[in-house]
Undergrad: 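Pasting a structure here, questions to come.
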2 protein chains.
Amino acid sequence: MTASPPTGDELVGMLAALSNPLRLRVIASLAARRNYVSGLAREIGISRPLLHMHLQRLEAAGLIVGTLELSDDGKAMKYYEVTDFDVRLSPSALAEAAATLTAPDPGKGPHTKEQS
Amino acid sequence: MTASPPTGDELVGMLAALSNPLRLRVIASLAARRNYVSGLAREIGISRPLLHMHLQRLEAAGLIVGTLELSDDGKAMKYYEVTDFDVRLSPSALAEAAATLTAPDPGKGPHTKEQS
DNA sequence: TTCATATGTAAGAGAAACCTTTCAGGTGAA
DNA sequence: TTCACCTGAAAGGTTTCTCTTACATATGAA
């Protein structure tokens, strides 16, 4: 396992993906059992296009993965399941992650304007 | 201690507050040592009003706390420091939190429009 | 063919987040 | 008084997020 700690940017992406009630419900539902989009949309009670958008965000953050499968009657169904992530959120852990942020570090280095 | 696990809504608030590179830097800086807003703004390299906004978000989420103190020369300085939060982010932990969400459970009740 | 299932995507509105600039108040020191 | 430092907050613009409605495609069954 050794859940390699995510980089600062990856962590920001994860947190952004999880900071939404609907997406939290999606994770909870998929944690119980994998499901395909239409079935999941019905279970959670939201429209399919909306769920589709949230699934994309979650997958982009690496929190879920989708696989296209064919049902017995030939229908194409996309099943999603959660990845087994495990991140700790504490001041020191966040400090470590923040050290790897690639975002614009405004006035850090000895006023290295690195050209404008 | 006994870091009581946050409710679903509290967790969403925490994650939203942390899903920003600047705020992550703020946490990292304050985790190293407490600081007052103007000093922190200089250290991070952002404008004071901008930092002020981010500090408000972090404090609203319970991740930092600010105390107004008087320096030796009588200046009013607001010092911020991190709280010792410690949250685990895993599918099962999120499922537990999601169960306590108060957000609109979309298609649950029989189309309760509850006035507009 | 028509209906029901499944998939994905594009267009548009409304709300929220993010950032900058500007203003206003306070204290102590020169 | 004027300057330097501290604090707070409002106004405005730009971008992003969130959601709905509508469209487009493919399969199997009646």
Side-chain angles (χ1 to χ4, degrees), chain A residues 9 12-26 34-61 63-80 101 103-107, chain B residues 9 12-26 34-61 63-80 101 103-108 111 113 116:
Chain A
D9 300 310
V12 169
M14 279 189 57
L15 298 176
L18 291 175
S19 61
N20 177 287
L22 242 49
R23 288 196 286 269
L24 221 52
R25 283 187 210 279
V26 170
R34 50 179 273 158
N35 205 350
Y36 60 99
V37 291
S38 286
L40 184 56
R42 278 191 293 269
E43 177 170 313
I44 300 184
I46 64 177
S47 72
R48 211 166 22 79
L50 179 57
L51 175 61
H52 185 264
M53 185 195 64
H54 287 303
L55 289 175
Q56 281 187 320
R57 280 184 75 79
L58 288 172
E59 187 167 34
L63 299 169
I64 63 175
V65 281
T67 53
L68 194 59
E69 302 178 10
L70 287 174
S71 66
D72 294 347
D73 56 344
K75 298 280 175 56
M77 337 252 299
K78 189 153 193 183
Y79 275 86
Y80 278 97
L101 279 172
D105 211 328
Chain B
D9 300 308
V12 169
M14 279 189 58
L15 298 175
L18 291 175
S19 62
N20 177 286
L22 243 50
R23 287 196 287 270
L24 220 52
R25 283 187 210 281
V26 170
R34 52 183 301 211
N35 205 349
Y36 61 99
V37 292
S38 286
L40 184 56
R42 278 190 294 269
E43 178 170 313
I44 300 185
I46 64 177
S47 72
R48 203 168 38 73
L50 179 56
L51 175 62
H52 186 263
M53 186 196 64
H54 286 303
L55 289 175
Q56 281 186 321
R57 278 183 77 77
L58 287 172
E59 186 166 35
L63 298 169
I64 64 175
V65 281
T67 52
L68 194 59
E69 302 179 11
L70 287 174
S71 66
D72 295 347
D73 55 345
K75 298 281 176 56
M77 337 252 300
K78 190 154 194 183
Y79 275 86
Y80 279 96
L101 279 173
D105 214 324
K108 260 349 174 45
H111 54 75
K113 232 350 183 343
S116 59

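Below, chain A is the first sequence line, B the second, and so on; all start at residue 1.
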Undergrad: Compare the minimum distances between each of C:dG8, D:dT20, C:dT21 and the side chain of A:S47, then state the nucleotide with the smallest one.
TA: D:dT20
Undergrad: What nucleotide among C:dT22, D:dT7, C:dA6 has an atom nearest to a side-chain atom of A:Y36?
TA: C:dA6
Undergrad: Nearest-Å distance, CG (A:L70) to C1' (D:dT27)?
TA: 10 Å
Undergrad: Taking only side-chain N and O atoms of A:H52, does any of them lie within less than 4.0 angstrom of OP1 or OP2 on C:dT9?
TA: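 Yes.
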Undergrad: Could you state the CG-C1' distance from A:L58 to D:dC17, rounded to the nearest angstrom?
TA: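 It works out to 14 Å between those atoms.
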Undergrad: Distance check needed: D:dT27 P versus A:D72 CG, whole Å only.
TA: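 Between P of D:dT27 and CG of A:D72: 17 Å.
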Undergrad: Could you please name the option among C:dT7, C:dT9, C:dA17 that lies closest to any side-chain atom of B:R57?
TA: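 Nucleotide nearest to B:R57's side chain: C:dA17.
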Undergrad: May I ask you to verify if any side-chain N or O of A:K78 is less than 4.0 angstrom from the OP1 or OP2 atom of C:dA6?
TA: no
Undergrad: Show the nearest heavy-atom pair for residues B:L24 and B:L18, with the distance to one decimal.
TA: CD1-O, 3.6 Å
Undergrad: Go through it in stages, so that I can follow the logic: the residues are A:E69 and A:K75, the test is salt bridge (charged side-chain N to carboxylate O under 4.0 Å, His left out), and I'd like the CA-CA distance, side-chain angles, deciding distance and then a yes or no.
TA: CA-CA 8 Å; A:E69 302 178 10; A:K75 298 280 175 56; over 6 Å; no
Undergrad: Which atoms form the tightest heavy-atom contact between A:L50 and A:L22, and what is the distance?
TA: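 Between these two residues, the closest heavy atoms are CD2-CD2, 4.0 Å.
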Undergrad: Can you identify which nucleotide, out of C:dT21, D:dC19, C:dC19, has its nearest atom closest to the B:M53 side chain?
TA: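 Between C:dT21, D:dC19, C:dC19, the one nearest the side chain of B:M53 would be C:dC19.
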Undergrad: A:S38 and A:R48: which non-hydrogen atoms are nearest, and at how many Å?
TA: OG-CD, 3.1 Å
Undergrad: Quick check for you: among C:dC19, D:dT20, D:dT18, whose closest atom lies nearest to any side-chain atom of B:L50?
TA: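 Closest nucleotide to the B:L50 side chain: C:dC19.
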Undergrad: Starting at atom CD1 of A:I46, determine the distance to atom P of D:dT20, rounded to an integer number of angstrom.
TA: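 Checked: the CD1 to P distance equals 8 Å.
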Undergrad: Quick check on DNA chain D: between A:R23 and A:G74, whose nearest nucleotide comes earlier from the 5' end?
TA: A:R23
Undergrad: With a cut-off of less than 4.0 Å, is there a side-chain N or O of A:R48 near OP1 or OP2 of D:dA22?
TA: no
Undergrad: Just call it for A:Q56: base, sugar-phosphate, or nothing, with non-hydrogen atoms closer than 4.0 Å on any strand.
TA: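 Counting heavy atoms under 4.0 Å across all strands, the contact made by A:Q56 is with sugar-phosphate only.
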Undergrad: D:dC17 phosphate, OP1 or OP2: any side-chain N/O from A:H54 under 4.0 angstrom?
TA: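 It does not, given that no N or O in the side chain of A:H54 lies less than 4.0 Å from OP1 or OP2 of D:dC17.
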Undergrad: Which nucleotide sits closest to the side chain of B:M77: D:dC6, C:dT7, D:dT18?
TA: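 So the nucleotide nearest the side chain must be D:dC6.
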Undergrad: Could you give the OH-to-C1' distance, from B:Y79 to D:dC6, as a whole number of Å?
TA: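 Going from OH in B:Y79 over to C1' in D:dC6 covers 11 Å.
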Undergrad: Send over the distance from B:N35 CG to D:dC6 P, rounded to a whole Å.
TA: 10 Å
Undergrad: Within this structure, what is the CG-to-P distance between A:L51 and D:dT18, rounded to whole angstrom?
TA: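 These atoms are roughly 14 Å apart.
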Undergrad: From C-beta outward on B:N20, which listed nucleotide comes closest to its side chain: C:dC18, D:dT7, D:dT21?
TA: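 Closest nucleotide to the B:N20 side chain: C:dC18.
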Undergrad: If you compare all heavy atoms of B:A61 against all heavy atoms of B:A17, which two are closest, and at what distance to 0.1 Å?
TA: CB-CB, 3.6 Å
Undergrad: Which part of the nucleic acid, if any, lies within reach of B:K75 when heavy atoms closer than 4.0 Å are counted: base, sugar-phosphate only, or nothing?
TA: base
Undergrad: Atom CZ of B:R25 to atom P of C:dC19: distance rounded to whole Å?
TA: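 Distance, rounded to whole Å: 11 Å.
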Undergrad: Hey, what do you get for OH (B:Y80) to CG (B:L51), rounding to the nearest 0.5 Å?
TA: 8.5 Å
